[in-house]
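Working notes for the structure below.
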There are 4 protein chains.
Amino acid sequence: MNNVVGNNSAEHLKSFMERIERLEEEKKALTTDIGEVYSEAKSAGFDTKIMRKVIALRKMDAAKRQEQEALMEVYMNALGMLADLPLGQAALSKVA
Amino acid sequence: MNNVVGNNSAEHLKSFMERIERLEEEKKALTTDIGEVYSEAKSAGFDTKIMRKVIALRKMDAAKRQEQEALMEVYMNALGMLADLPLGQAALSKVA
Amino acid sequence: MNNVVGNNSAEHLKSFMERIERLEEEKKALTTDIGEVYSEAKSAGFDTKIMRKVIALRKMDAAKRQEQEALMEVYMNALGMLADLPLGQAALSKVA
Amino acid sequence: MNNVVGNNSAEHLKSFMERIERLEEEKKALTTDIGEVYSEAKSAGFDTKIMRKVIALRKMDAAKRQEQEALMEVYMNALGMLADLPLGQAALSKVA
DNA sequence: AACGTTGAAATAGTTC
DNA sequence: GAACTATTTCAACGTT
């Protein structure tokens, strides 16, 4: 048999694909669940449009916080590069 | 007690929002998982870009696929393109 | 001639495509320009990574402001729907 | 005056940032313009999704296209797919 | 039921 | 060449 390696490769690939498709199904189920919660909320009289906007804003807040932290880290690194210079030390003493 | 209804509403709304945000977190986790499988596949030497395309094709049913391909030919003909592609030539022979 | 309509369509399509490709070229030129400004800044001793982060944060601020305004509008609409009820009037009097 | 250098640096940085943000605005405007052309095309009855694909293909050179198509076949073969597509059949006859 | 809007996903490009 | 960013594309949702 010539194609032993090829077949193994094919099997391997197939296995990856199946794992991915399985996970995507689970993900889709969650999407459905989320939609159902919105439906419930709507039935309970809430304005889902507002709900979506509020949730989006909360996500943005979280994202912004992360960005700010990342920026801070970069700053710290930049200062770290200067840490052996007098100005760098003075700056570090402010944030440490 | 004046605000019984109001408070319940607020509680109710809060509960909906929390359920949604919880589900979205789970979804995000799955997205991460999927990304990791793709990373594994990449390490194993597979071309993940192609994998993604194949998975997308598997989702799409055959009818839709054919429709898209046919429409594509029409557009490319309108532009006078396509003559130098093997797959394109085969396709052209069908529509010409 | 049979294909008058078809030809006109083809011409029309071609014209759209050319306009788009023209605009995309201009856009690409701007992308290049931006890259060059970053290069200049780097040569002048600035940390472009930090610059990018700061610019991203400024964009997020702008986006968030817009989101908040949009949310406010939705709120106002929601209140508007209640405007003929006593509670709605009381609420409106708070934001007006 | 102590901070001459610092101030110049700050001014310099500010100027870079403003140039970048200005260019990004222009770029965004072009993106909007492109979107509008697609809208026009859609109103004229064209399928913009296909238009986008065709434009992408025009960007890609022929060699790259063929390579991608060939690899695609290999993967789909590994999964035992592809038998029911007209383009696929033509392609299969090339690699089988 | 098409339309635009918006959020998510994928791809391309860039930097280290 | 690997990671990160930015852009672009795709899909879902509510709306009209």
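We name chains A, B, ... by the order of the sequence lines, and we start the count at 1 in each one. Since this is a predicted model, take the numbers as computed values, not measurements.
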To the nearest Å, give me how far apart [atom1] ([X]) and [atom2] ([N]) are.
X	N	atom1	atom2	answer
C/Leu30	F/dT8	CG	C1'	17 Å
C/Ile55	F/dT7	CD1	P	11 Å
D/Leu23	F/dT7	CG	P	12 Å
D/Glu21	F/dA6	CD	P	13 Å
C/Glu26	F/dT7	CD	C1'	18 Å

*Quick one: stems for DNA chain F, with Watson-Crick or G-U pairs under 3.5 Å, at least three in a row?*
E:1-16 with F:1-16
Show me, pair by pair, the donor-acceptor contacts under 3.5 angstrom made by side chains of residues 31-41 of chain B, not counting sequence neighbours?
| unit_1 | atom_1 | unit_2 | atom_2 | d |
| --- | --- | --- | --- | --- |
| B/Thr31 | OG1 | A/Lys27 | NZ | 3.4 |
| B/Thr31 | OG1 | B/Lys27 | O | 3.1 |
| B/Thr32 | OG1 | B/Lys28 | O | 3.1 |
| B/Ser39 | OG | B/Gly35 | O | 3.2 |
| B/Glu40 | OE1 | A/Arg19 | NH1 | 3.3 |
| B/Glu40 | OE2 | A/Arg19 | NH2 | 2.9 |

Acceptor/donor pairs from residues 44-52 of chain B side chains to any protein atom, 3.5 angstrom cut, sequence neighbours excluded:
| unit_1 | atom_1 | unit_2 | atom_2 | d |
| --- | --- | --- | --- | --- |
| B/Asp47 | OD1 | B/Lys49 | N | 2.9 |
| B/Asp47 | OD1 | B/Ile50 | N | 3.1 |

*Which residue pairs pass the salt bridge (charged side-chain N to carboxylate O under 4.0 Å, His left out) test with at least one member in residues 55-68 of chain A, sequence neighbours excluded?*
A/Arg58-B/Glu21, A/Lys59-B/Glu24, A/Asp61-C/Lys64, A/Lys64-C/Asp61, A/Glu67-C/Lys53
*Atom pair CG/CG of A/Leu71 and C/Leu57 - distance to nearest 0.5 Å*: 6.0 Å
*asked:* Could you work out, with side-chain contact (heavy atoms from CB on, under 4.5 Å) as the rule, every residue matching A/Glu26, not counting sequence neighbours?
replied: A/Arg22, A/Leu23, B/Leu30
*Reading nucleotides 2-12 of chain E 5' to 3', which nucleotides get B (base under 4.0 Å from a protein heavy atom), which S (sugar-phosphate only), which -?*
-S----SSSSS
